[in-house]
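Inspection log for the structure reproduced underneath, given as structure tokens.
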Amino acid sequence: MPGGHPFLGHALQLRSRPLEFVQALRTYGDIVAFRLGPRDAYAVNHPDLIRRMLTTEAKSFAKGRMFEKGRLVARNGLFTSEGDFHLRQRRIIQPLLRRAHIQQYTVTMREIAHARVETWRDGQEIRMDRELFDVALDTVTRVLFSTRIGDHGAAAVYRSLPVLLEGLGRRAVAPIDLLDKLPTVMNYRFARALSQMRRVIEHIISEYRSRGADADADAGTADLLAALLAARDEETGEGMSDEQVYDEVVTMLIAGTETTAGALSWACYLLSRHPRIQQRLQAELEEQLGERDVVFEDLGKLRFLQQVIAETLRLHPSTWMLMRSPVADVELGGHLLPVGSTVLFSIYALQRDPSLYPRPDEFDPDRWAPERAALIHRDAYIPFGAGIRGCAGEQFARAEMAIILGVILRQFILCPGSGPPARPIVRLIPMPSAMPLIVHRRPRGPGFQEAR
Ligand code: HEM
């Protein structure tokens, strides 16, 4: 990749214009060498090669430097752990985020979305990005702890998590590690948020243990935390230590809040800018649901809603760039990736590649209609990653997005608000800039029933 600085390489470009930079990298070939400071780095751009790296060659790659920062908060949770330990954790946790459990969680998702939407007034301008961050955080918190976290504990999580997310985002793109260690106000706030979060969650875990949360889980009345405490590895029968449960709880709060909040915000924003698509979606909801509210069993039938979600996640995947590091020299696509080097791949650049998608920057949910979707390269769409490190919360996130959008669009029409067009602000996750939208209440039929 041309244009590197003699000392910093391409680090400044990656930091200052990240989305442009990863797209520029794509134009130089299937695998492109560049430099991050003194380190050699490689961008893998071709969909087949990305797929190979994430699936058949997955054992040859560790998650690498980018995830070391995540360890500051999520320690040895599913997102950041490696090797056999990761496989064991994945075996234990994945079943808790599958269909049978999701069905139960969608009740909570709907209740939270309803409670929030009830506070909106006809014609009000809403900061949709903030609103949906709160909804996503409420959802993960209630699914994890039901109501047992208490107001005091919940307030501590709500205060700490945004500080931790912001701090991790800043650290992920910082050119040197020293910045994290300076006695700055930001670093102090980060350390305080971390210890607050730790105190609250450790306290809840010990309460659950002493109240016998395992019994709840057996009785099927559990929340996700009770299920984590009761879960056993199918192969060895072993459960998790309290420390490990803590790591997994924090991982889910981190991995499951901004990701879904960002995707939901973009979906609302795009719909507000494409009124015909919004009307079609509302017509589908009416046709499929009649006068009732959206429930889990509807999700498969709401085809156009699924297309809108798919297209939003194509244009605005929650992770714009991910990294890996070869654990031994690896040959990929005829190139040698040396052990310990930094290997980058960008879902954002892949999913906006004009050689894979016609008019790649256009919001066109119909590209996911079955006859057109069949023409898209099989590996060109990976918003949830792929392989053994692919998103453990994919079904959770898809259900959450569908339920929340369903609740909003049954009741409101979304229109552009004041201010400039939204743009992604890239940290760990590209979050939208301020996104004011005006909400207009839709008339409801007399027989409309809210699902409970
Ligand atoms: C729209 C929402 C979401 C998107 C786009 C998304 C995307 C991703 C991606 C791309 C990865 C793979 C990272 C890599 O390969 O390095 C990932 C991993 C992960 N995600 Fe998600 N995610 C979302 C929501 C969630 C939610 C709601 C949860 C939890 C409830 C979650 C939990 C996780 C976990 C635990 C991992 C690590 C899996 C492992 O390494 O075994 N995610 N996610």
Side-chain angles (χ1 to χ4, degrees), residues 44 50-51 53-55 58 61-71 74-94 96-98 101-102 105-106 108-109 132-133 135-144 172 223-225 227-228 247-267 309-310 312-325 343-348 350-351 381-405 428-431:
V44 178
I50 295 177
R51 167 72 59 175
M53 181 166 73
L54 299 182
T55 56
F61 292 91
K63 290 201 83 174
R65 229 178 88 77
M66 184 178 172
F67 296 92
E68 282 157 24
K69 306 278 181 179
R71 282 180 165 270
R75 303 192 314 189
N76 218 15
L78 202 54
F79 208 82
T80 36
S81 57
E82 300 273 11
D84 289 345
F85 184 79
H86 167 262
L87 284 183
R88 185 195 93 130
Q89 287 305 107
R90 181 96 189 189
R91 270 200 310 267
I92 299 182
I93 292 166
Q94 188 67 84
L96 306 180
L97 294 169
R98 290 250 165 82
H101 292 265
I102 305 280
Y105 304 148
T106 53
T108 308
M109 292 166 183
L132 293 173
F133 180 86
V135 170
L137 177 53
D138 255 1
T139 304
V140 182
T141 312
R142 280 266 304 279
V143 164
L144 273 166
D223 46 43
L224 185 51
L225 175 56
L228 284 170
D247 292 355
E248 300 303 355
V249 165
V250 175
T251 295
M252 286 193 199
L253 283 167
I254 301 267
T257 306
E258 268 194 348
T259 44
T260 328
L264 273 167
S265 305
W266 284 116
I309 292 174
T312 304
L313 287 170
R314 183 186 70 80
L315 281 173
H316 296 285
S318 308
T319 46
W320 63 285
M321 175 200 67
L322 289 163
M323 283 183 185
R324 294 292 190 268
S325 180
V343 180
L344 170 158
F345 64 103
S346 168
I347 297 176
Y348 184 92
L350 176 73
Q351 295 183 170
Y381 185 71
I382 49 164
F384 291 97
I388 190 63
R389 303 306 309 231
C391 182
E394 174 172 352
Q395 294 191 27
F396 185 106
R398 284 186 184 282
E400 184 180 355
M401 287 185 70
I403 293 278
I404 295 173
L405 284 174
L428 204 56
I429 287 164
M431 288 301 283

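Position 1 is the first residue of the sequence; numbering continues from there. Remember, it's 1-based here, ligands and their atoms both numbered in the order they're listed.
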Original post:
Where the closest heavy atom to atom 21 (Fe) of ligand 1 is concerned, which of Cys391, Pro317, Pro383 has it?
Top reply: Cys391
**OP:** Decide, yes or no, whether a salt bridge links Arg389 with Glu82 under the criterion of side-chain N to carboxylate O below 4.0 Å.
**Re:** yes
Original post:
Any N or O on Glu400 sitting closer than 3.5 Å to an N or O of ligand 1?
Top reply: no
Subject >> Close side-chain approach of Leu87 and Ile388, heavy atoms under 4.5 Å >> reply: yes
Subject >> Minimum non-hydrogen distance to atom 31 (C) of ligand 1, winning option of Gly393, Gly390, Ala386 >> reply: Gly393
Original post:
What's the spacing between Phe345 CZ and Met323 CE if we round to 0.5 Å?
Top reply: 10.5 Å
Original post:
Where is the tightest heavy-atom contact between Leu313 and Ala263, given as atom of each residue plus distance?
Top reply: CD2-CB, 3.7 Å
Original post:
Can you check whether Leu78's main-chain N or O pairs, donor with acceptor, with Glu248's side chain at less than 3.5 Å?
Top reply: yes
Original post:
Tell me, which protein residue and heavy-atom name are nearest atom 13 (C) of ligand 1, and how many Å apart are they?
Top reply: Leu322 CD1, 3.8 Å
Original post:
Which bit of Leu78 gets closer than 4.0 Å to ligand 1, counting heavy atoms only: side chain, backbone, both or neither?
Top reply: both
Original post:
Taking N or O atoms only and a 3.5 Å limit, does Thr251 qualify as a polar contact for ligand 1?
Top reply: no
Original post:
Which one of Phe61, Phe345, Phe79 has a non-hydrogen atom at the shortest distance from atom 19 (C) of ligand 1?
Top reply: Phe79
**OP:** Begin from the C-alpha positions of Leu344 and Val44 and carry the test side chain to side chain contact (heavy atoms under 4.5 Å, CB included) through to its verdict.
**Re:** CA-CA 6 Å; Leu344 170 158; Val44 178; over 6 Å; no
**OP:** May I have the step-by-step check of side chain to side chain contact (heavy atoms under 4.5 Å, CB included) for Ile93 and Met252, ending in yes or no?
**Re:** CA-CA 11 Å; Ile93 292 166; Met252 286 193 199; 3.6 Å; yes
Original post:
Between Leu132 and Ile404, is any pair of side-chain heavy atoms under 4.5 Å apart?
Top reply: yes
**OP:** Record the part of Ile388 in heavy-atom contact with ligand 1 below 4.0 Å; permitted values are side chain, backbone, both and neither.
**Re:** backbone
Original post:
Does Glu248 have a non-hydrogen atom less than 4.0 Å from ligand 1?
Top reply: no
Original post:
For atom 39 (C) of ligand 1, which candidate among Arg398, Glu394, Arg90 holds the nearest heavy atom?
Top reply: Arg90
**OP:** Search all heavy atoms of Tyr105 against all heavy atoms of Leu96 and return the closest pair with its distance.
**Re:** OH-O, 3.4 Å
Subject >> Per-residue contact class, Phe384 against ligand 1 - non-hydrogen pairs under 4.0 Å >> reply: both
Original post:
atom 26 (C) of ligand 1: which protein heavy atom is closest, and how many Å away?
Top reply: Gly256 CA, 3.5 Å
**OP:** Identify the protein heavy atom lying closest to atom 33 (C) of ligand 1, giving its residue, its atom name and the separation to 0.1 Å.
**Re:** Ala255 CB, 3.7 Å
Original post:
Of the choices Gln94, His86, Met323, Arg389, which has the non-hydrogen atom that lies closest to atom 41 (O) of ligand 1?
Top reply: His86
Original post:
Hey, is the main chain of Ala310 close enough, under 3.5 Å, to the side chain of Tyr381 for a donor-acceptor pair?
Top reply: yes
Original post:
If you measure every N/O of Ile382 against every N/O of ligand 1, is any gap under 3.5 Å?
Top reply: no
